[in-house]
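Okay, structure first, notes after.
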Amino acid sequence: MSDDPQNLELSPLELRRLRFRRIPIRVVLPNLVTLLALCMGLTAIRYAIEEDFVKAVTAVMAAAVLDGLDGRLARALKGTSRFGAELDSLADFVDFGVAPGLLLYLWSLHEIKGLGWFAVLAFAIAGALRLARFNVMIDDPAKPAWHAEFFVGMPAPAGAVTVLLPLYLHFSALELPASKALVPFYILYVLAIAFLMASRIPHFSGKRMGRIPRDLVIPVLFGVGVTALLLAIYPMELLAVVSVAFLAAIPFSVKRFNALAKAEAEKAEGQG
């Protein structure tokens, strides 16, 4: 029996019931989705080792989709928990910090082993720092409401998707070569994405896109359908376009963030 004074006041039967109390399924389901995402990340590493890089990319994308679902599922079912948040962070580190870096290393970065491995380590470290900072800042009550529109630094899933851009271009219609001559440029690109993840550069979060205006439902459904078809027919080309579009949106997110920060500062001065 535990030496906890609170537990000493309970009978053996009450302690047993406390130890084996039932957990609602609404709390378990999001964690199962998180574990499935973790399995996808580990499967991506397996396919990378087997040099089946297309399947490895598919597994990373599946992990990113599942990562987007588990949090929304937890909030929809009111099944959020501290355990789920910690599990999600650990899974994200494997899925979006370790798997993409190893995938790129086994594909081409190993041609320059020292610098290639350094880039992989930098990317993984940046992913860990990004996730740790997110966990710390999520409970900050002093944040203004408009900060919810932005991520501080590139999100780990977005970093995992964009860092694989050279590989998308290699397997796309462009057939970008994986020659040793281009490896230094790939290494620089990986380091640049790692910097964006570890930095405090704001990125649009898209978390407030929860409701669609009634008059835009049909166009949105049409767009989703077309995107799904393109993803099935031209997956690498579409992923390359999405990666470039996300990177191109960074200056606009910085400009929007600075404008909101300036407006808040002017409002505070006016009230003072």
Side-chain angles (χ1 to χ4, degrees), residues 37-38 40-64 67 90-133 153-201 203 234-251:
L38 176 59
M40 289 295 100
L42 294 172
T43 301
I45 296 174
R46 173 206 160 184
Y47 283 130
I49 293 172
E50 296 175 355
E51 298 186 355
D52 194 342
F53 297 109
V54 174
K55 287 185 178 179
V57 169
T58 302
V60 172
M61 296 307 111
D67 178 71
L90 292 172
D92 285 356
F93 175 65
V94 175
D95 296 340
F96 311 126
V98 176
L102 287 178
L103 202 164
L104 287 169
Y105 183 80
L106 294 170
W107 170 62
S108 66
L109 300 190
H110 67 275
E111 296 286 350
I112 305 179
K113 293 183 179 180
L115 288 176
W117 188 243
F118 170 76
V120 171
L121 292 178
F123 182 79
I125 291 171
L129 294 174
R130 171 65 182 81
L131 292 166
R133 183 172 60 201
M154 181 179 286
V161 173
T162 56
V163 80
L164 295 175
L165 178 59
L167 200 146
Y168 306 150
L169 296 176
H170 174 72
F171 288 102
S172 70
L174 295 176
E175 296 183 354
L176 185 70
S179 62
K180 188 174 182 178
L182 290 178
V183 172
F185 297 99
Y186 299 157
I187 290 173
L188 290 175
Y189 177 75
V190 173
L191 292 175
I193 298 299
F195 168 77
L196 289 174
M197 293 173 65
S199 71
R200 299 186 63 86
I201 297 174
H203 293 67
Y234 303 107
M236 295 300 170
E237 289 81 358
L238 181 60
L239 288 171
V241 170
V242 169
S243 299
V244 172
F246 187 86
L247 293 173
I250 295 175

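It should be emphasised that the depicted structure is a prediction, and the values quoted were computed from it without experimental measurement. No hydrogens, no waters, no symmetry mates; every other heavy atom, side chains included, goes into these values.
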Please report the closest heavy-atom contact between A126 and A194, naming both atoms and the distance. CB-O, 3.3 Å
What's the shortest heavy-atom distance between P166 and Y189, and which atoms? CD-CE2, 3.7 Å
Going through the checks in order, is the side-chain contact (heavy atoms from CB on, under 4.5 Å) test met by K113 and Y105? CA-CA 8 Å; K113 293 183 179 180; Y105 183 80; 4.0 Å; yes
Search all heavy atoms of L191 against all heavy atoms of A122 and return the closest pair with its distance. CD2-CB, 3.7 Å
How many angstroms lie between CD1 in I187 and CZ in F123, if you round to the nearest 0.5 Å? 14.5 Å
Under 4.5 Å between any side-chain heavy atoms of H203 and F246, yes or no? yes
Would you confirm whether R130, through its side chain, and L196, through its main-chain N or O, come within 3.5 Å as a donor-acceptor pair? no
Drop me the distance from L239's CG to L169's CG, to the nearest 0.5 angstrom. 10.5 Å
Checking E111 side chain against S179 main chain: does a donor-acceptor pair fall under 3.5 Å? no
Any side-chain heavy atom of E237 sitting closer than 4.5 Å to one from L174? no
Mind jotting down which residue pairs meet the ring pair (Phe, Tyr, Trp, His ring centres under 6.0 Å) criterion with at least one end in residues 159-188? Sequence neighbours excluded, please. W107-H170, W107-Y186
Passes side-chain contact (heavy atoms from CB on, under 4.5 Å), I250 versus M154? Steps please. CA-CA 9 Å; I250 295 175; M154 181 179 286; 4.2 Å; yes
Taking the side chain as everything from C-beta on, heavy atoms only, tell me whether L115 gets closer than 4.5 Å to I112. yes
Can you tell me which residue pairs pass the side chain to side chain donor-acceptor pair (under 3.5 Å) test with a partner in residues 44-55, sequence neighbours excluded? R46-E50
If you measure from CG on L238 to OG on S243, what distance do you get to the nearest 0.5 Å? 9.0 Å
In V98, L106, D95, L103, the residue satisfying side chain to side chain contact (heavy atoms under 4.5 Å, CB included) with I45 is V98
Check: V241 and M236 side chains under 4.5 Å, non-hydrogen atoms: no
To the nearest 0.5 Å, how far apart are CD1 in I193 and CG in L188? 12.0 Å
In this structure, CZ of F53 is separated from OG1 of T58 (nearest 0.5 Å) by 13.0 Å
Counting C-beta onward and ignoring hydrogens, is there a side-chain heavy-atom pair between D67 and F96 closer than 4.5 Å? yes
L182 side chain near L176 side chain, heavy-atom distance below 4.5 Å: yes
Contact summary for P100 and V163, nearest pair of heavy atoms: CB-CG1, 3.9 Å
Can you find a heavy atom in the side chain of L104 that is under 4.5 Å from one in the side chain of V120? no
List the atom of A248, the atom of P251, and the distance in Å for their closest heavy-atom pair. O-CD, 3.2 Å
